[in-house]
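Beneath this line is the structure, given in structure tokens, with notes to follow.
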Protein chains: 2
Amino acid sequence: MKPGCQTTTSNTLNARLATGGFRSTAQRQQVYEILQAQRDHPTAEEVFIRAKREMPDISMATVYNCLDALVKCHLIRLVNLDRGATRYCANMEDHAHFYCNLCGRFFDIEPQAVTLALPEGFQVTHTELSMRGSCPECGANHK
Amino acid sequence: MKPGCQTTTSNTLNARLATGGFRSTAQRQQVYEILQAQRDHPTAEEVFIRAKREMPDISMATVYNCLDALVKCHLIRLVNLDRGATRYCANMEDHAHFYCNLCGRFFDIEPQAVTLALPEGFQVTHTELSMRGSCPECGANHK
DNA sequence: TCAATAGTTGGAATAAGTCTAAAGAGTGGT
DNA sequence: ACCACTCTTTAGACTTATTCCAACTATTGA
């Protein structure tokens, strides 16, 4: 692990946690690093499995707790697709999600031109745009 | 109930059910009428409560079965918002959903100008756009 | 350093939805 | 009209994802 990079990451993390009124703990750092390291939108359970490799005593409740704290500090965000388990995403840029029905992978899509003409008086605080379909790889393989 | 109107509705319903390979049953008609009558995106449980008023013996499992059948026949659609219970919507026009954080009501929003520039090769089969915020009424009351 | 407070743990509890087996209802052939 | 066949409903058990709880542990400010 690059010490310089890690320090930067945990500085940001700790500062954000503190601002949100949360303490910095080893578990929260671990969970955040997992989401930073592999940006494949894992579920809470997948995060738990990965966290266990480094921290065998961590519990599921703690993983949920850490994820909640990170969401509240705007360090990660939730991704919901239909009724499946909630997924977590460390990409805080404005973006939409694309789920490939064939390979099951998630893709982040930049919304270059989304403009929605809302009727007057509606104030939007949160938008979620998600799509399903086939990704370029799977689409090509299917031909 | 207006007999003319009712006949039209149940004709469409029965035809669609038949096309989907489903039989027309009193329970399915009841559930469909509930969703037609009050377009407030009820949850399965809310549908169950409303159905019970007319049909006291109906069970929750039947409500789920009926909703499933109607979804498969493209007569209604699912609406998911975060982790809450699935909601059902009889508006089959292409539209987005707006949830008011203050009054908890759902609004259908016509997507007049949504264009998303997807990277090449992505084939979309299903899109879901949902928003949260405050509706005109609640926004006005808050001032 | 030490109390006060926040966080973690493992297991129990909950909510929403799905599955199953048995009983009930509708339909075509005789 | 009767029977067999199939589809549907029912009640309740089960599953999955998540939250709650009480006891223990770690972190922080004085």
Side-chain angles (χ1 to χ4, degrees), chain A residues 10-11 13-34 41-52 54-73 75-89 104, chain B residues 10 13-32 34 41-49 51-52 54-73 75-88 104:
Chain A
S10 52
N11 280 351
L13 173 61
N14 294 346
R16 290 288 196 89
L17 283 170
T19 310
F22 293 97
R23 287 182 184 165
S24 167
T25 69
Q27 288 85 346
R28 283 174 184 162
Q29 282 170 28
Q30 183 65 51
V31 167
Y32 187 57
E33 268 166 38
I34 285 163
H41 307 75
T43 61
E45 192 171 5
E46 280 161 352
V47 172
F48 176 59
I49 291 164
R50 292 178 202 173
K52 269 213 130 138
E54 300 291 318
M55 218 176 235
D57 287 344
I58 198 168
S59 75
M60 197 65 199
T62 298
V63 170
Y64 275 108
N65 184 6
C66 292
L67 291 167
D68 274 6
L70 295 171
V71 167
K72 282 184 185 135
C73 295
L75 284 156
I76 63 171
R77 61 164 66 172
L78 302 167
V79 182
N80 284 294
L81 187 85
D82 300 345
R83 304 270 347 133
T86 300
R87 289 164 181 280
Y88 298 86
C89 167
Chain B
S10 51
L13 173 63
N14 295 346
R16 289 290 195 88
L17 283 170
T19 311
F22 293 97
R23 286 186 187 158
S24 168
T25 69
Q27 288 85 347
R28 283 172 186 162
Q29 282 170 28
Q30 183 65 53
V31 166
Y32 187 57
I34 285 164
H41 306 73
T43 61
E45 193 172 2
E46 281 162 353
V47 172
F48 175 58
I49 290 165
K52 267 211 129 129
E54 300 292 316
M55 221 177 232
D57 286 343
I58 199 168
S59 76
M60 195 67 198
T62 298
V63 169
Y64 276 111
N65 279 343
C66 292
L67 290 168
D68 275 6
L70 294 171
V71 168
K72 282 185 185 132
C73 295
L75 285 156
I76 63 171
R77 59 164 66 172
L78 301 168
V79 181
N80 284 294
L81 186 85
D82 302 344
R83 304 280 333 139
T86 301
R87 290 164 180 281
Y88 297 86

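These numbers come from a predicted model, not from an experiment. In what follows, every chain begins at residue 1, and chains take the letters A, B, ... in the order their sequences are listed.
Comparing B:Thr86 and B:Asn65 by the nucleotide of DNA chain C that holds the closest heavy atom to each, the one mapping nearer the 5' end is B:Thr86. Comparing A:Tyr64 and B:Ile58, the nucleotide of DNA chain D nearest to each residue sits closer to the 5' end for B:Ile58. Along DNA chain D, the nucleotide nearest A:Gly84 and the nucleotide nearest A:Ala61 are compared for position; the residue whose nucleotide lies closer to the 5' end is A:Gly84.
The interatomic distance linking B:Met55 (CE) with D:dT8 (P) rounds to 15 Å, in whole Å. Rounding to whole angstrom units, CZ of residue A:Phe48 and P of C:dT8 are separated by 14 Å. Protein atom CD of B:Gln29 is 11 Å distant from nucleotide atom P of D:dT9, rounded to whole Å. Per the geometry, CD belonging to B:Glu45 stands 14 Å off P belonging to C:dT18, to the nearest Å. Regarding B:Arg28, its CZ atom lies at a distance of 12 Å from the C1' atom of C:dA25, rounded to whole Å. Per the geometry, CG belonging to A:Asn14 stands 18 Å off P belonging to C:dA6, to the nearest Å. When the C1' atom of C:dC19 is taken as reference, atom CG of B:Asp68 falls 12 Å away, rounded to whole Å. If you take CG of B:Asn80 and C1' of C:dG17, they are 12 Å apart, rounded to a whole angstrom.
The backbone N or O of A:Leu67 sits nowhere less than 3.5 Å from a side-chain atom of A:Arg28 that would complete a donor-acceptor pair.
Residue B:Thr62 places its side chain closer to D:dT9 than to any other of D:dT9, D:dT18, C:dG17. Closest to the side chain of A:Asp57, from the set C:dT9, C:dA16, D:dA17, is C:dT9.
Residues A:Leu78 and B:Asp82 have side chains not in contact (no heavy-atom distance under 4.5 Å, counting atoms from C-beta outward). Side-chain contact between B:Thr43 and B:Glu46 is present, with heavy atoms from C-beta onward closer than 4.5 Å. Side-chain contact check for B:Glu45 versus B:Met60: some heavy-atom pair is nearer than 4.5 Å.
For DNA chain D, the residues of residues 17-27 of chain A within the heavy-atom distance limit of 4.0 Å (strictly under) are A:Arg23, sorted by number.
Distance check, rounded to the nearest 0.5 Å: CD of B:Gln29 to CE of B:Met55 gives 8.0 Å.
When each of B:Ile49, B:Ile34, B:Ile58 is checked for a side-chain contact (heavy atoms from CB on, under 4.5 Å) with B:Val63, only B:Ile58 meets the rule. Remark: of the listed residues B:Asn65, B:Leu17, B:Asp68, B:Leu70, B:Leu17 is the sole one forming a side-chain contact (heavy atoms from CB on, under 4.5 Å) with B:Phe22.
The phosphate of D:dA17 (OP1 or OP2) has no side-chain N or O of B:Arg83 nearer than 4.0 angstrom.
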